[in-house]
Amino acid sequence: MGVKTAVAAGAVGVAAGLVARSLVRAKTDSQGDSRHPEGWKSVTILGDAAAFDQGGYPAPLQRLAELIEVRVNPAPGDKGFEVHARLREDAEAGDAVGDDDPEQALRAALRDAKQLFETGEVLRAKPRPHGKRPATLLGGVVDKAEDDAKGEGVL
């Protein structure tokens, strides 16, 4: 495959990804795509729910313990358990989240608690591993998408 063919194929892939992303964003009025009306955020964790509650919640959630309500339910199909959390209405974020958005801090804490419970560590993609990497056709696009998302995930 020639260089021009590879560049054309990469451009088509990027265009397809951008179109798909815009279609997903345009679909936010459908059931399940919007924020929970009561502010609950959830993760499904593989493991035993009793072990999750034992000795307090994992450190990422423990930092927000005074600000949040947490409920733990079995996941469908015996696939672990679900942790649901939301900010309490009377909670003042203050020092617990610093300059971060409290909703974003809760989302990150749930994600980190899931990783910590399942693997024993919190994995980080930033700073990008191995220092500066060589420029690739789509590497800059991926880096920009990571930076734009700021941990929010796909909406």
Side-chain angles (χ1 to χ4, degrees), residues 13-133 136 138-155:
V14 169
L18 292 173
V19 168
R21 184 175 181 181
S22 67
L23 290 174
V24 168
R25 282 192 175 167
K27 192 181 160 190
T28 58
D29 291 337
S30 69
Q31 181 102 9
D33 288 338
S34 60
R35 295 184 187 274
H36 190 280
E38 296 173 4
W40 290 100
K41 299 190 181 321
S42 304
V43 292
T44 301
I45 300 178
L46 297 174
D48 181 25
F52 185 80
D53 288 334
Q54 197 171 28
Y57 296 122
L61 283 177
Q62 198 63 41
R63 284 192 292 274
L64 300 176
E66 295 179 11
L67 305 174
I68 61 176
E69 294 177 54
V70 177
R71 63 181 189 203
V72 178
N73 298 325
D78 293 327
K79 303 287 185 190
F81 58 98
E82 296 175 340
V83 177
H84 306 274
R86 70 176 174 182
L87 294 169
R88 290 193 338 244
E89 289 183 23
D90 61 343
E92 293 184 25
D95 296 333
V97 297
D99 293 336
D100 293 339
D101 172 33
E103 294 282 330
Q104 183 62 28
L106 174 57
R107 184 183 180 104
L110 279 170
R111 190 173 51 241
D112 291 351
K114 172 184 172 68
Q115 288 184 30
L116 192 60
F117 186 81
E118 291 180 346
T119 67
E121 64 181 320
V122 177
L123 307 173
R124 294 279 180 230
K126 294 234 174 183
R128 291 188 176 92
H130 313 298
K132 185 158 175 66
R133 63 176 173 222
T136 62
L138 296 177
V141 174
V142 171
D143 290 347
K144 175 133 177 54
E146 282 178 359
D147 293 341
D148 289 349
K150 295 182 181 129
E152 292 181 12
V154 178
L155 296 176

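Looking at residues two or more places apart in sequence or on another chain, you find a ring pair (Phe, Tyr, Trp, His ring centres under 6.0 Å) between Phe117 and Phe52, Phe81.
Other residues, nucleotides and ligands place no more than 12 heavy atoms under 6.0 Å from the CD atom of Glu89. Taking a 6.0 Å sphere around CD of Glu66, one finds it holds 12 or fewer heavy atoms contributed by other residues, nucleotides or ligands.
To the nearest 0.5 Å, the span separating CH2 on Trp40 from CZ on Arg86 amounts to 4.5 Å. Atom CG of Leu61 is separated from atom CG of Leu106 by 7.5 Å, given to the nearest 0.5 angstrom. Taken to the nearest 0.5 Å, the CD atom of Glu82 stands 6.5 Å off from the CG atom of Asn73.
The pair Glu69-Arg88 does not count as a salt bridge, with every side-chain nitrogen at least 4.0 angstrom from each carboxylate oxygen. The pair Glu118-Lys114 meets the salt-bridge criterion, since a charged nitrogen lies less than 4.0 angstrom from a carboxylate oxygen.
Considering all non-hydrogen atoms of both residues, Ala113 and Pro60 come closest at N-CG, 3.8 Å. Here the closest non-hydrogen pair linking Leu116 and Ala59 is CD2-N, 4.2 Å. Annotation for Leu87 and Pro102: closest pair CD1-CB, 3.5 Å, computed over non-hydrogen atoms.
Between Asp112 and Leu110 the shortest side-chain heavy-atom distance does not fall below 4.5 Å. Contact annotation: the side chain of Lys41 approaches that of Glu103 to within less than 4.5 Å [non-hydrogen atoms, C-beta and beyond]. In this structure, His84 and Val70 have side chains that are not in contact, with every pair of non-hydrogen atoms separated by 4.5 Å or more.
A donor-acceptor pair under 3.5 Å is formed between the side chain of Gln62 and the backbone N or O of Tyr57.
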